[in-house]
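Computed from a predicted model, the values in this text were never measured in an experiment. The sequence lines fix the lettering, A, B, ..., with proteins before strands; numbering per chain opens at 1.
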Number of protein chains: 2
Amino acid sequence: MPEPKYWHLRTVLVRTIDAEFSTGQILPNERELAARFGVARATLRQALDQLELEGRLVRRRGIGTLIAAPRVGVPVNGREEGWPGSGRSQAWRIVDCVTAPATAQLARVLGVAEGEAVHTVRRLRLVQGIAMATESLHVPAAALPHVAGFAAESDRARGVLRQIERLGIDGESRSVELGVAEAEQAALLERPPGTPVLVVTTQYAAAGKLAAVAVSTYRADTCKLTFGEAGLVEVTPVQAGSPVRSAS
Amino acid sequence: MPEPKYWHLRTVLVRTIDAEFSTGQILPNERELAARFGVARATLRQALDQLELEGRLVRRRGIGTLIAAPRVGVPVNGREEGWPGSGRSQAWRIVDCVTAPATAQLARVLGVAEGEAVHTVRRLRLVQGIAMATESLHVPAAALPHVAGFAAESDRARGVLRQIERLGIDGESRSVELGVAEAEQAALLERPPGTPVLVVTTQYAAAGKLAAVAVSTYRADTCKLTFGEAGLVEVTPVQAGSPVRSAS
DNA sequence: AAGTGGTCTAGACCACTCA
DNA sequence: GAGTGGTCTAGACCACTTA
């Protein structure tokens, strides 16, 4: 079997979907689809798994399998888009703020000593009212002397976000990789554990030194991260396959 | 069952791996692991699937399941790193160069008329001798008048890459999303079809106008894309989970 | 209560690698 | 040929949604 059944099935489904279905429509249920294609339900599900990973389908328990909307372009441009106080109501919701000694791992990432106090602000990024990303912003407590004055957690969170702006952040570098949402992130994103996410790690520098680190997890099913000069032209999604040679 | 078995299994395996195994070591085979944990092999495999998606494991048919090396940081900084001729031997290998009328989709992305001739150069990005990414660079033929003179495909490819530099690219914007490798990409990356990839779409602008578009697919299992000021500090991987509260 | 997707099982066979 | 992961099956039960 040079080509697995589930992969062939996926190809057939892609064609069917593109030709006969549109966003929001419901596919026939899995048992029927499996019967129609003459495969076991597990095999059909393997094909649907692929399509879901690609963001073409959404499956809802108790409802059915629907055609997904195109992915939302989410700007990841640093201070302008992602930063807290800077101007207009950015769609961030503060979840948490804890101050705790750095774990070994966190200490290494932040470049501080293990056990040193670190503020961690957790936020949720909402795009059209729905949670698209979580973020944990870590900054050494020593760098923000005025935060200690706030008693309430929400005040402390806002304090951290406000004061970090006055640090004079003058550089940032990012990395993006694939991950899966663990329990906490999954809950915040209202998704089951194991949901694939794009993990964005941002290092913020002030005066040539690492000043803060943010780890964000974006829903990989619905997000397309956008960087750079704020959309030169509308970014239209492109097939992963070679767009010129229409082989197969 | 509030927590699926496979998810719990994954957690247990993560702990075991971190504690008792190191990069390159081979796990016991699936049948034995399944028996040891008292689950069906399919359930165990579901847990391993997660770990593979996270880049913690690599499975090789006929060999076994091994602990993966940490992901490689791959700079995606545009002209400096990714661009062709610019100086030292960049680890790119030219695969292909075709000139063909733009499909409807490609035309839309490039902002040209459907059917207009477009050069497409396909390249392979090698990191430590292994294929990490494929790239298709699309540029309207009208913009590169001198390319027509080259007869051999490899000359045309080099011609496109060289002449595009003289266009005076002065801006780029990118997007990153999750995808799966179709047959062609999969073959180039020496991976099975369906392999998860990070799809990077780059728009190059010259004189305020869109001049070229590149679509790259990076192996999601082994790549961590890095952006920005070329590594302020070594980027150490961070768990997707909340790094401060060590709940569970 | 009926219908959906999500999980889990036990077993079979295949494709690949290596001694 | 023995051992590994990859695919596929048929069936069961669960969790969730809607009516």
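Look at CG on B:L48: it is 14 Å from P on D:dT4, rounded to the nearest Å. In this structure, A:E32 atom CD and C:dG5 atom P are separated by 10 Å, rounded to whole Å. Atom CG in A:L66 sits about 9 Å away from atom P in C:dG5, given to the nearest Å. Note: CG (B:L33) to C1' (D:dG3) measures 15 Å, nearest angstrom. As a whole-Å value, the separation of A:R45 CZ from C:dT7 P is 7 Å. In this structure, the CG atom of A:L9 is 13 Å from the P atom of D:dT7, given to the nearest Å. For the pair B:L57 CG and D:dT4 C1', the computed distance is 15 Å after rounding to whole Å. Rounded to an integer number of Å, the gap from CG of B:D49 to C1' of C:dC8 is 14 Å.
No donor-acceptor pair under 3.5 Å is formed between the side chain of B:R10 and the backbone N or O of B:D49. In this structure, B:R71 contributes its side chain and B:A220 its backbone to a donor-acceptor pair below 3.5 Å. Judged purely by atom type and a 3.5 angstrom limit, A:R60 has no side-chain atom pairing as donor or acceptor with the backbone of A:T65.
When each of B:G64 and A:A42 is assigned the nucleotide of DNA chain D with its nearest heavy atom, B:G64 is the one assigned upstream, toward the 5' end.
Checking the phosphate oxygens (OP1, OP2) of D:dG6, no side-chain nitrogen or oxygen of A:K5 falls inside 4.0 Å. The phosphate of D:dT4 (OP1 or OP2) has no side-chain N or O of B:R60 nearer than 4.0 angstrom. Phosphate proximity of D:dC8 to A:T43: absent, as no side-chain N or O sits under 4.0 Å from OP1 or OP2. Residue A:Y6 places at least one side-chain N or O closer than 4.0 Å to OP1 or OP2 of D:dT7. Between B:R59 and D:dG6 there is a side-chain N or O to OP1 or OP2 distance below 4.0 Å.
Out of D:dG5, C:dT4, D:dT9, the shortest distance to the side chain of A:R61 is found at C:dT4. Across C:dG5, D:dG6, D:dC8, the shortest atom-to-atom separation from the side chain of A:R41 is found for C:dG5. When distances run from any side-chain atom of A:A40 to the nucleotides D:dA10, C:dA10, C:dC18, the shortest one goes to D:dA10.
Using a cut-off of 4.0 Å between Lys/Arg side-chain N and Asp/Glu carboxylate O, A:R123 and A:D96 are scored as not salt-bridged.
The stretch residues 24-31 of chain A touches DNA chain C through A:N29, A:E30, A:R31, each having a heavy atom under 4.0 angstrom from the strand.
Shortest non-hydrogen contact noted between B:L44 and B:V39 is N-CG2, 4.0 Å.
Judged purely by distance below 3.5 Å, without hydrogens or angles, the side chains of A:T217 and A:T134 pair a donor atom with an acceptor atom. Using modelled atom types and a 3.5 Å distance limit, the side chains of B:R45 and B:Y6 yield no donor-acceptor pair.
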